[in-house]
2 protein chains.
Amino acid sequence: MKRNSRFSLALHALAHLAALRPPRPLTSAEIGEHSGTNPVVVRRTLGMLKESGLVSSEKGHSGGWLLAKAAEEITLADVYAALGERFLRMDVDGEDNPPGCAIERALLGGVEAALADAEALLVERLGKTTLADILARIPQPASVIGIVVN
Amino acid sequence: MKRNSRFSLALHALAHLAALRPPRPLTSAEIGEHSGTNPVVVRRTLGMLKESGLVSSEKGHSGGWLLAKAAEEITLADVYAALGERFLRMDVDGEDNPPGCAIERALLGGVEAALADAEALLVERLGKTTLADILARIPQPASVIGIVVN
DNA sequence: AATTACGCAACTCACAATGTTGCATAACGA
DNA sequence: TCGTTATGCAACATTGTGAGTTGCGTAATT
């Protein structure tokens with residue numbers, strides 16, 4: 001089992017959806033196979049992207065997942081935000097010690113600023129990379145009729 | 001149980017050591033009480049700081065932990081490095097898929113840069129805050145003879 | 001010599017994320 | 001209209017990781 005694979009899975013799925021020519025809905029099962037996971041996990045993850053308007057889903061026959069926006073309009077920051085990810089985590093003495101000693105309060109203040117700065121930078125950088133940028137980095141396959149990536 | 005409390009525990013312990021007047025060794029048990037954990041965890045954590053030369057330990061009677069450097073010379077980045085922490089974690093399809101598909105490789109390259117940038121900034125910012133800076137933020141206690149925090 | 005405290009290894013415990021199963025619901029096609 | 005296919009959702013099982021625990025060895029102080 002991998003920890004924190006949501007982001008990875010989401011990007012993988014989005015990339016496959018965007019790379020598909022001609023575009024057609026991909027089922028959770030198909031995406032799961034590509035990504036080495038199972039359909040339910042795919043639904044859980046893409047469900048979050050759907051709430052943020054990045055993808056749409058269709059039920060029934062010939063249903064599945066589709067991009068809801070152009071690949072140029074989806075940034076890594078969008079995905080990061082849609083999943084509610086927090087790559088920067090420290091849990092400085094979590095929620096439950098309101099009467100924490102004076103030293104603890106001082107520590108919190110001293111470290112939080114650095115974390116907030118780094119997170120802001122991270123989001124800013126992620127926002128500068130679009131799904132289309134990612135696709136441009138993929139070496140072109142031999143076949144021209146159908147792109148078949150793993 | 002809290003996740004990733006090592007950094008928090010380490011800083012807490014260092015701050016207590018630095019704040020103590022007059023300086024004397026603190027035992028793992030004492031530090032554990034302050035921090036709401038147990039002596040073995042304290043040893044594990046401070047052991048790492050010791051390897052990096054931030055603290056020293058003395059065995060036997062009146063033994064315990066001491067700062068090995070001045071509070072002005074210990075930065076949060078030192079602690080971060082000593083513990084081998086990685087606040088930025090994403091696990092982009094961990095180690096085990098060497099024949100990963102083309103899309104996966106493209107994703108990795110596209111995301112890694114942003115993560116590396118953010119981590120570099122984080123370390124840079126942590127490096128600008130010393131243990132002494134943290135202590136300066138602690139409101140002075142009433143007693144002048146002995147500082148008793150938590 | 002007794003006490004104290006670190007050092008280390010093996011084990012247990014708890015939590016969170018992933019994986020699994022079952023069923024309901026909706027859409028498509030014959 | 002009925003069967004098939006797919007998402008949506010909830011409940012449960014699995015597993016990996018960090019923290020907690022116990023026991024014993026070793027070194028230093030009194």
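Hydrogens, waters and symmetry mates play no part in the numbers below; they use all other heavy atoms, side chains included. Worth saying up front: this structure is predicted, and the values here are computed from it rather than measured. A, B, ... follow the sequence lines: proteins, then strands. Residue 1 opens every chain.
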> What does nucleotides 21-30 of chain D look like as a protein-contact string, B for base, S for sugar-phosphate only, - for none, at under 4.0 angstrom between heavy atoms?
BB---BSBB-
> Can you confirm whether B:Thr129 sits close enough to B:Thr75 that some side-chain heavy atom of one is under 4.5 Å from a side-chain heavy atom of the other?
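Contact flag for B:Thr129/B:Thr75 side chains = no.
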> Side chains of A:Trp65 and A:Thr27: is there a donor and an acceptor less than 3.5 Å apart?
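No - no donor-acceptor pair under 3.5 Å links their side chains.
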> Who else is in B:Leu121's hydrophobic cluster (ILVMFWY, side-chain heavy atoms under 4.5 Å, direct or via others)?
A:Leu121
> Closest approach of A:Gly63 and A:Pro25, non-hydrogen atoms and distance?
O-CB, 3.5 Å
> What closest approach, in Å, do B:Ala18 and B:Ala71 show between heavy atoms, and which atom pair accounts for it?
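So the two residues come closest at CB-CB, 4.2 Å.
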> Minimum heavy-atom separation for A:Glu73 and A:Asp78, please, with both atom names.
O-OD2, 3.5 Å
> Look at A:Lys50 and D:dG8 and indicate whether a side-chain polar atom (N or O) is within less than 4.0 Å of OP1 or OP2.
yes
> Between the two ends of the helix from C:dA1-D:dT30 to C:dA30-D:dT1, what is the bend in degrees, rounded to 10 degrees, where each end axis spans five pairs?
0°
> Indicate whether OP1 or OP2 belonging to C:dA5 is found under 4.0 Å from a side-chain N or O atom of B:Thr27.
no
> How many Å lie between CZ on A:Arg6 and P on C:dA16, as a whole number?
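The answer, rounded to whole Å, is 13 Å.
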> Looking at C:dA5, I'd like to know if its phosphate oxygens (OP1 or OP2) sit under 4.0 Å from a side-chain N or O belonging to B:Ser57.
no
> Is the phosphate of D:dG20 approached by B:Thr37 (side-chain N or O, under 4.0 Å from OP1 or OP2)?
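For D:dG20, OP1 or OP2 has a side-chain N or O of B:Thr37 closer than 4.0 Å.
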> Regarding A:Gly47, tell me which of base, sugar-phosphate or nothing describes its non-hydrogen contacts under 4.0 Å with the strands shown.
nothing
> Where does the angle between the aromatic ring planes of B:Phe7 and B:Tyr80 fall among parallel (under 30°), tilted (30 to 60°) and perpendicular (over 60°)?
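The rings of B:Phe7 and B:Tyr80 stand perpendicular, inter-plane angle above 60°.
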> Would you kindly give the CG-to-C1' distance between B:Leu9 and D:dA19, to the nearest whole Å?
11 Å
> Rounded to whole angstrom units, what separation is found between the CZ atom of A:Phe7 and the P atom of C:dA17?
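For the pair A:Phe7 CZ and C:dA17 P, the rounded distance is 17 Å.
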> Grab the two heavy atoms, one from B:Thr37 and one from B:Leu9, that are nearest each other, plus how far apart they are.
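B:Thr37 and B:Leu9 have their closest heavy atoms at CG2-CD1, 4.0 Å.
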> Work out which heavy atom in A:Ala82 is nearest to a heavy atom in A:Ser52; give both atom names and the distance.
CB-OG, 3.3 Å
> Can you tell me how far P of D:dA6 sits from CD1 of A:Ile31, to the nearest Å?
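Rounded to the whole Å, the gap is 12 Å.
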> Can you identify which nucleotide, out of C:dT18, C:dC6, D:dT7, has its nearest atom closest to the A:Trp65 side chain?
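Per side-chain heavy atoms of A:Trp65, the pick is D:dT7.
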